[in-house]
Amino acid sequence: MPHAPEPALELTGVGHDYRRDGRRGATVPALDGIDLSLDAGEHLVVVGPSGSGKSTLLRLVAGFHRPTRGTVSVNGRPVRGPGPDRGVVFQRPTLFPWMTVRGNVEFGLRMAGLARAERRALAEHQLALVGLADAAHLRTYELSGGMRQRVAIARALAPDPGIVLMDEPFGALDALTRERMQEEVRSLWLLTGKTLLSITHDVGEAVRLGTRIVVLSARPGRIVLDEVSDLPRAGEPGTHPDFTATRDRIAHAVRAAAR
Amino acid sequence: MSVLAPDRPSAEAPAPESGGIAPAVRSFGLRALSVGGFLLVWWAVARAEVWPPVILPGPGAVWDQAVATSTQGYSGHTLQEHLGVSLRRILVGSVLGTVGGVLLGLVIGLVPVARAVLGPFVTFVRTLPPLAYLSLLVIWFGIGEEPKIWLLVIASLPPVAVATADAVRGVAPDHLNAARSLGARPWHLPVWIVLPHSLPEIMTGVRIAVGVAYTSVVAAETVNGVPGIGGMIREAQRYNQTDVVILGLIVIGLSGLLLDWLLQTLDRTVAPWRGRE
Ligand SMILES: Nc1ncnc2c1ncn2[C@@H]1O[C@H](COP(=O)(O)OP(=O)(O)OP(=O)(O)O)[C@@H](O)[C@H]1O
Ligand SMILES: [Mg+2]
């Protein structure tokens, strides 16, 4: 099959300034001069110091904000708002407390018009994937932070979006669960060929998971490093001979960007 | 309630809310004590005859009236009938007021133009004492059941509308974003996100509304209010039957407490996440 004509994700000359409440005309520049093009089936991982505009970048792709400058397109069409073609895992879990865990995971399926039995089976499957098969009946406020984050992942994946956007999805997890979830996301990505965009502070995670790694500078975020990598397609990225060198290079760039 | 729970070792603490028999007994005991104390003081003061019985009848006289009105009736109706009619008015009035208030609050909260136009009007109506517009309602609707129900609707609608409107504006943008990213269309949001998000505050509004309906029902029943607790009190006042007046007050107060307890229970069932997000 020939290559898809347009990239799954394309940002050209994207910049974003937040308006500040209270002060008329005052703005906070969060992103500037972002040019980025991502093919379908790639996993873009964005790293950078805190406040460098990583979440802003993700939220522009999700369609939560309109960019102040430039254009964001998904599959060749400019982004006009949020949509079920892009699943989102938020930096802070935004589960619906008025629904059970199952209700949350089924929500996207319900909006897609699936019948009850189908919804149930798919939700059960997603919850099992994140290791929460027996938590389906719980209320979201009965979960720990890490459990909430895993439900958020299951909820985003359930409607089977072509692109998945994850803002520090493993931030609240312990080292062991985090490793398991990383491996889960990697095999899911290998299996489904989804396009992924994720954000992390963990450079090792970026190198294990990203086929494309972008480092943003401190505010306003600009791209200071843009690497292509094949490691995530390897059997065991963590033990690959190139792993350490790549990780050190990126860690160095992040440290430099923070200054 | 949990404030009154005695300290216990943390090993057995995980009981949710009002856990255990001991705290429940203790809390009940304290309440019984305060009611008993009040009755004792009342009895003593009445017994000392500081004021004549027409001003302050004793608990015994009120109790006798309670028995008499429940069995033989007062103004042609038993106490239960008076209370039942009043409760029915409160129920119909505050249910209609709640439904109207939620709808109005949704519109005010979601549509900026509606907020500008209707907001001040709701606030205006909210500040009016029910007795003030009762006269107008009587002119419009006569002295039957209608003006009474309308009075309670008008009294209970604004608190629910204001609570709903505030809650609606407090919905987290990322809850809306999350829903949209999961495929919800804009017209799905009020039912799936905005309303359920606002439930805890709406329930608070409903409790206030029922309270307002309670205080207003006596006002509503000052015109042709028999049967009805307010009507009963008014009749008793005309004949200086202070014991019946006090009996009416006690019955209103107690049934109000019971109703509020029911509403609190309902609140915990429909919005169990309140304060725990
Ligand atoms: N809603 C907002 N209103 C105003 N300013 C904002 C808003 N969101 C983010 N900012 C500002 O934009 C800049 C970038 O924020 P962003 O959340 O994108 O950073 P980040 O890279 O995700 O940081 P972190 O790693 O801490 O999550 C920050 O300086 C922040 O103060
Ligand atoms: Mg962020």
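Hydrogens, waters and symmetry mates are skipped; everything else that's a heavy atom, side chains included, is used.
Heavy-atom proximity under 4.5 angstrom to chain A picks out nothing from residues 149-159 of chain B. Of residues 176-201 of chain B, those residues lying under 4.5 Å from chain A by any heavy-atom pair are B:Asn177, B:Ala178, B:Ala179, B:Arg180, B:Ser181, B:Leu182, B:Gly183, B:Ala184, B:His188, B:Trp192, B:Ile193, B:Pro196, B:His197. The stretch residues 115-129 of chain A places none of its residues near chain B, where near means some heavy atom under 4.5 Å from a heavy atom of that chain. Contacts between residues 114-127 of chain B and chain A, defined by a heavy-atom separation under 4.5 Å, are made by no residue at all.
Residue A:Pro97 touches chain B through both its backbone and its side chain, counting heavy-atom pairs closer than 4.5 Å. Both the backbone and the side chain of A:Arg155 come within less than 4.5 Å of a heavy atom in chain B. Proximity to chain B is limited to the backbone of A:Leu95, based on heavy atoms less than 4.5 angstrom apart. Heavy atoms of A:Arg139 lying under 4.5 Å from chain B belong exclusively to its side chain.
In terms of heavy-atom pairs under 4.5 Å with chain B, the best-connected choice from A:Gly108, A:Gly81, A:Pro82, A:Gly63 is A:Pro82.
Atom CZ of A:Arg66 sits in a sparse spot, with 12 or fewer heavy atoms from other residues, nucleotides or ligands closer than 6.0 Å. Heavy atoms from other residues, nucleotides or ligands lying under 6.0 Å from CZ of A:Arg19 number 12 at most.
Within the 4.5 Å cutoff, the side chain of B:Pro173 has no heavy atoms near those of the A:Phe64 side chain.
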Stepwise side chain to side chain contact (heavy atoms under 4.5 Å, CB included) test for A:Phe90 and B:His175: CA-CA 10 Å; A:Phe90 292 77; B:His175 272 149; over 6 Å; no

Candidate pair A:Arg59 and B:Asp174, rule side chain to side chain contact (heavy atoms under 4.5 Å, CB included), full reasoning: CA-CA 10 Å; A:Arg59 294 172 68 88; B:Asp174 272 352; 2.9 Å; yes

